[in-house]
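Accompanying notes for the structure given below.
Any value given below was found using the heavy atoms of this structure, including those in side chains, with hydrogens, waters and symmetry copies removed.
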Amino acid sequence: MQQLFLEIHSYWRWVVLVAGVGATVLSLLAATGSRPWDALADRFAFFFPLALDIQVLVGIILWLIEERWAGDAILSYLHPLAMLVAVGLAHAGRSASEKASGSVERGRKALIFFVASIMVVLVAIPLYSWPV
């Protein structure tokens, strides 16, 4: 069971990365006026926080199964807390983009929060977990 959740958590990170990059690029294009905020941008702005939600849920289950609170401080506390912050930022970006009026404003609001969310995710991943 533990191995299954570890594999899901490992593979789902790529879905989170693609959704995050897609949402950020579409937000950037809308913020610069190069592309309107359309249904595709809205879908990516919806799916990025959703993908993070699923990743965090699997991570919490894994944290409980592996009893991570008793181990390494980075994986025990820093990584989970930072990922919760990243999820909050992604949801804030989605919410801010829904409340804004006009394509450029929607893109700007989403871009700020989505970039911040992706930066928190990248900083919170332990170096030994990077696939490089």
Side-chain angles (χ1 to χ4, degrees):
M1 183 71 108
Q2 174 183 345
Q3 188 62 28
L4 173 67
F5 280 105
L6 188 60
E7 286 183 28
I8 292 169
H9 194 66
S10 180
Y11 288 120
W12 193 257
R13 68 180 165 179
W14 299 109
V15 175
V16 170
L17 180 65
V18 168
V21 169
T24 302
V25 167
L26 290 170
S27 297
L28 175 65
L29 292 173
T32 59
S34 301
R35 181 180 185 348
W37 186 274
D38 58 359
L40 182 63
D42 202 45
R43 284 187 193 116
F44 267 94
F46 171 77
F47 191 65
F48 175 48
L50 178 65
L52 272 172
D53 287 341
I54 293 168
Q55 182 75 338
V56 167
L57 177 63
V58 172
I60 289 170
I61 292 169
L62 196 57
W63 188 77
L64 291 170
I65 290 172
E66 291 184 346
E67 297 179 2
R68 281 289 182 177
W69 56 86
D72 167 17
I74 292 174
L75 281 179
S76 296
Y77 299 105
L78 179 65
H79 179 73
L81 290 174
M83 294 305 169
L84 290 173
V85 169
V87 168
L89 288 168
H91 279 282
R94 167 76 175 161
S95 178
S97 72
E98 286 180 339
K99 292 176 184 174
S101 59
S103 273
V104 173
E105 188 62 25
R106 289 183 88 172
R108 283 183 188 155
K109 298 255 178 165
L111 181 64
I112 292 166
F113 287 102
F114 290 165
V115 167
S117 178
I118 290 173
M119 295 306 295
V120 170
V121 166
L122 293 176
V123 167
I125 297 173
L127 289 178
Y128 56 83
S129 295
W130 284 83
V132 183

- Do V121 and M119 belong together in a cluster built from hydrophobic side chains that touch within less than 4.5 Å? no
Extract all donor-acceptor atom pairs below 3.5 Å that involve side chains of residues 28-50 and protein atoms in other chains or at least two apart in sequence.
from	atom 1	to	atom 2	distance (Å)
T32	OG1	L28	O	3.1
T32	OG1	L29	O	3.1
T32	OG1	S34	OG	3.1
R35	NH1	D38	OD1	3.4
R35	NH1	D38	OD2	2.6
D38	OD1	L40	N	3.4
D38	OD1	A41	N	3.2
D42	OD1	R94	NH1	2.9

Residues K109 and A96: closest non-hydrogen pair is CB-CB, 3.9 Å
Solution key, residues 77-91 side-chain donor-acceptor pairs under 3.5 Å, sequence neighbours excluded:
from	atom 1	to	atom 2	distance (Å)
Y77	OH	W69	O	3.1
H79	ND1	A124	O	3.0
H91	NE2	D53	OD1	2.9
H91	NE2	D53	OD2	3.0

Quick one: do V56 and I125 end up in the same hydrophobic cluster if we chain Ile, Leu, Val, Met, Phe, Trp and Tyr together by side-chain heavy atoms under 4.5 Å apart? yes
Note to self: Could you check whether any side-chain N or O of Q2 sits under 3.5 Å from a backbone N or O of L62, counting only pairs where one atom can act as donor and the other as acceptor?
What the structure shows: no
d(S97 OG, E105 CD) to nearest 0.5 Å is 11.0 Å
Item to complete: Check whether any side-chain heavy atom of I65 sits under 4.5 Å from a side-chain heavy atom of F5, and report yes or no.
Response: yes
For V21 and I118, the nearest pair of non-hydrogen atoms, with its separation, is N-CD1, 4.1 Å
Scanning both residues in full, the closest heavy-atom pair of V16 with Q55 reads CG2-CB, 3.9 Å
Interatomic distance, CD@E66 vs CD1@I61, rounded to 0.5 Å, equals 12.0 Å
I60-V120 co-clustered via ILVMFWY side chain contacts under 4.5 Å | no
Any sub-3.5 Å donor-acceptor pair from R106's side-chain atoms to S103's backbone N or O?
no
- Query: Any sub-3.5 Å donor-acceptor pair from S10's side-chain atoms to L6's backbone N or O?
  - Reply: no
side-chain contact (heavy atoms from CB on, under 4.5 Å), that's the test. Do K99 and S95 meet it? Break it down for me.
CA-CA 6 Å; K99 292 176 184 174; S95 178; 3.6 Å; yes
In one Ile/Leu/Val/Met/Phe/Trp/Tyr side-chain cluster, 4.5 Å: V18, W14 = no
Using a 4.5 Å side-chain heavy-atom cut-off and chaining through intermediate ILVMFWY residues, the residues clustered with Y11 come out as none
- L52 and V15: same hydrophobic cluster, using ILVMFWY side-chain contacts below 4.5 Å? yes
Nearest heavy-atom approach of A51 to W12 is O-NE1, 2.9 Å
